[in-house]
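This report concerns only the one structure given below.
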Amino acid sequence: MSANDLNKLTLSENSEKTPAAAPSRRYVPPHRVNAPPRPAQPQTPQYSNADRYPRSNGGNRSFGYGRSSYNNRRPQDPHRAAAGRYANGEHVPGYENKALELELFGTQEDTSFQSTGINFDNYDEIPVDASGTDVPEPVLTFTSPPIEPHLLTNIKLARYTKPTPVQKYSIPIIASKRDLMACAQTGSGKTGGFLFPILSEMFFQGPVAEQPTETTGRNRFQNHKIHPQALVLAPTRELVNQIYEESQKFTYRSWVRPCVVYGGADVRQQTQQMHTGCDLLMATPGRLVDLIDRGYISLSKIKYLVLDEADRMLDMGFEPQIRRIVEGSDMPGVDHRQTLMFSATFPREIQMLASDFLSDYVFLSVGRVGSTSENITQQVLYVEDDQKPATLIDLLPTTKGLILIFVETKRMADSLAYFLLNKNLAATSIHGDRSQFEREEALKSFRTGEAPIMVATAVAARGLDIPNVTHVINYDLPSEIDDYVHRIGRTGRAGNTGIATSFFNRGNRGIAQSLINILKEANQEVPDFIESVAREHSFGRSGGRGGRGGRSNGTRDWRRGNNGGNNGFGGGFGGGFGDSNGYGNNSGFGGGQSSGYGNSYGGSW
DNA sequence: AAAAAAT
């Protein structure tokens with residue numbers, strides 16, 4: 001029995017007993033329709049990080065601990081060839097490793113390896129709005145300069161032909177030492193948007209000076225703490241892993257060693273990986289704080305800090321941990337590092353909060369000035385709670401591709417997946433109460449089409465890049481409109497089309513008005529019942545029109561203001577902006593904005 | 001009221 005079968009068994013214990021329980025709809029990705037069966041893939045990655053990136057003796061670094069014996073133990077290792085290094089002010093790429101190349105980049109024919117799924121030709125039309133002082137000119141092609149030559153070869157291997165709009169701006173912005181706040185959908189090349197410029201700079205500039213021994217702690221690692229140069233934080237384990245996998249492509253044959261740490265997985269494995277080198281670290285906040293507290297990791301050499309899904313990272317649930325990492329650790333202050341924030345949505349209040357972590361940043365807004373892509377057909381059905389299962393069953397046969405169903409609770413995720421399995425539909429589920437193994441298995445069987453239906457909670461709402469998701473179903477609508485925007489962004493990624501169907505009833509009156517705004521902005525049909533529920537809602541409340549203004553969900557630079565000209569931007573910018581207290585104390589500006597905003601927000605419950 | 005993230 002394969003691991004995937006095991007995975008399904010946890011949901012449906014009798015699936016093995018009935019032979020008829022074979023999946024009745026099996027998804028075959030378009031590029032595999034007439035292809036010969038794929039050879040069995042190994043369950044675990046073929047190469048450990050140590051294999052991918054062996055230390056070269058006599059390289060730019062020397063670790064006192066265990067280094068030479070480590071290399072001596074494996075003198076025949078063919079993958080040592082993949083090591084690059086930085087010597088005498090120059091980046092010396094390692095030798096080619098065709099097997100590793102195949103694993104990282106796939107073949108030309110296998111389109112599933114273009115997992116970023118970007119149709120570059122559709123990008124030229126997308127409007128980009130950049131604001132801030134002295135915004136650097138965008139680059140139009142992947143060329144050197146400004147991009148480091150070896151990074152260019154990796155970008156070519158990954159078959160990225162030209163920069164996406166985010167990348168056009170982020171590359172020169174980071175090269176000119178500026179901070180960045182970027183609003184862009186997943187699938188818009190966001191990950192490359194920060195990996196390319198950061199890796200380019202790191203490749204050029206080389207490692208930071210090796211730390212002298214710092215403390216003598218009770219564990220041996222405290223004598224050689226890990227000092228990453230770049231840190232990427234993201235809100236879910238799967239997302240952090242996805243970014244890590246991307247980073248392995250672009251660090252191929254380079255001196256930079258990427259690592260990943262997140263909860264639910266073995267700590268020892270993660271720390272061992274770091275001790276074969278760690279220059280670029282991807283992390284979820286909890287595990288990182290843990291490793292900092294235990295003395296494994298120091299952030300004192302951080303030059304680049306990235307917050308992916310930044311609005312989520314700065315909301316109530318995460319903000320204390322982020323402050324703990326950014327302000328409460330040995331990380332260099334805002335003026336001694338570069339900070340980059342990315343998200344598809346950026347509510348104004350989050351933008352204001354974010355300026356604590358940014359200095360004189362460029363604000364970038366990519367895509368429609370509205371919020372959701374026109375590639376996605378958004379459909380809203382009026383469905384009472386007790387009719388939802390039947391309506392879902394009617395809906396499922398209408399799509400051929402992967403179907404992602406969002407629910408509000410973990411319990412509902414389990415019970416809905418169980419319900420679907422009992423209907424002989426190959427479904428799986430992902431939520432935070434499942435083990436990390438189950439989560440990764442679920443995601444894998446969904447990606448491969450083995451289980452073309454996945455029921456998910458908020459854990460899968462953001463950032464995950466799953467090719468061939470053709471249909472997102474909001475079985476339960478979220479209570480925040482930004483969550484809606486992120487969820488439907490799992491389909492219709494640039495260049496493709498997708499459908500988003502939402503089940504709406506009176507229980508969702510809280511987001512009725514903002515849903516109308518989103519639908520209108522994306523030129524979608526607005527059913528009458530939403531309008532009438534929205535009206536009921538605003539009558540019931542003490543004198544407010546429902547929802548937030550159409551612009552507030554974050555495609556505009558809040559510094560521009562829309563209440564009385566742009567004095568906050570033009571006048572106050574040069575003087576007060578670098579000071580993180582400048583805005584918080586500015587009662588005129590801050591107070592006026594937040595009361596309007598907080599009002600409509602608070603009213604939705 | 002719920003989800004996510006450390007054990």
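The structure displayed is predicted, hence computed values, not measured ones. All heavy atoms count here, side chains included; hydrogens, waters and symmetry mates do not. A, B, ... follow the sequence lines: proteins, then strands. Residue 1 opens every chain.
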### Query
Can Lys190(A) and Glu309(A) be said to form a salt bridge (charged side-chain N to carboxylate O under 4.0 Å, His left out), step by step?
CA-CA 10 Å; Lys190(A) 240 173 1 138; Glu309(A) 305 302 335; 3.0 Å; yes
### Task
Can you figure out which of dA1(B), dA5(B), dA2(B) approaches the side chain of Thr236(A) most closely?
dA5(B)
### Message
Without decimals, in angstroms, what is the distance between His431(A) NE2 and dA1(B) P?
### Response
21 Å
### Message
How many whole angstroms separate atom CG of Asp476(A) from atom C1' of dA3(B)?
### Response
13 Å
### Query
Are any of Arg439(A)'s side-chain N or O atoms less than 4.0 Å away from OP1 or OP2 of dA5(B)?
yes
### Between P of dA3(B) and NZ of Lys410(A), the distance in whole Å
5 Å
### Message
Ring of Tyr296(A), cation from Lys225(A) - is the NZ or CZ under 6.0 Å from the centre and inside 45° of the axis?
### Response
no
### d(CG, Asp483(A); P, dA2(B)) in whole Å
15 Å
### Rounded distance (Å) that lies between atom C1' of dA4(B) and atom CZ of Arg487(A)
14 Å
### Task
Please confirm whether any donor atom in the side chain of Arg237(A) sits under 3.5 Å from an acceptor in the base of dA4(B), or the reverse.
no
### Message
Base, sugar-phosphate or nothing for Gly317(A)? Non-hydrogen atoms, less than 4.0 Å.
### Response
base
### Message
In whole Å, I'd like the distance from the CD atom of Glu480(A) to the C1' atom of dA1(B).
### Response
12 Å
### Query
To the nearest Å, how far apart are Arg324(A) CZ and dA5(B) C1'?
15 Å
### Query
Between dA2(B), dA6(B), dA4(B), which nucleotide has the shortest distance from any of its atoms to the side chain of Arg312(A)?
dA4(B)
### Asp179(A)/Ser359(A) under side chain to side chain donor-acceptor pair (under 3.5 Å): CA gap, chis, key distance, verdict
CA-CA 6 Å; Asp179(A) 284 359; Ser359(A) 136; 4.6 Å; no
### Query
What integer distance in Å separates Glu238(A):CD from dA5(B):C1'?
12 Å
## Note on the structure
The side chain to side chain contact (heavy atoms under 4.5 Å, CB included) partner of Thr251(A) among Val256(A), Asp279(A), Leu195(A) is Val256(A)
### Task
Choose from dA3(B), dA5(B), dA6(B) the nucleotide whose nearest atom is closest to any side-chain atom of Phe318(A).
dA5(B)
### Summary
Picking from dA6(B), dA1(B), dA2(B), the nucleotide nearest the side-chain atoms of Ser479(A) would be dA1(B)
### Query
Would you find a donor on one side and an acceptor on the other, under 3.5 Å apart, between the side chain of Gln270(A) and the backbone of Tyr262(A)?
yes
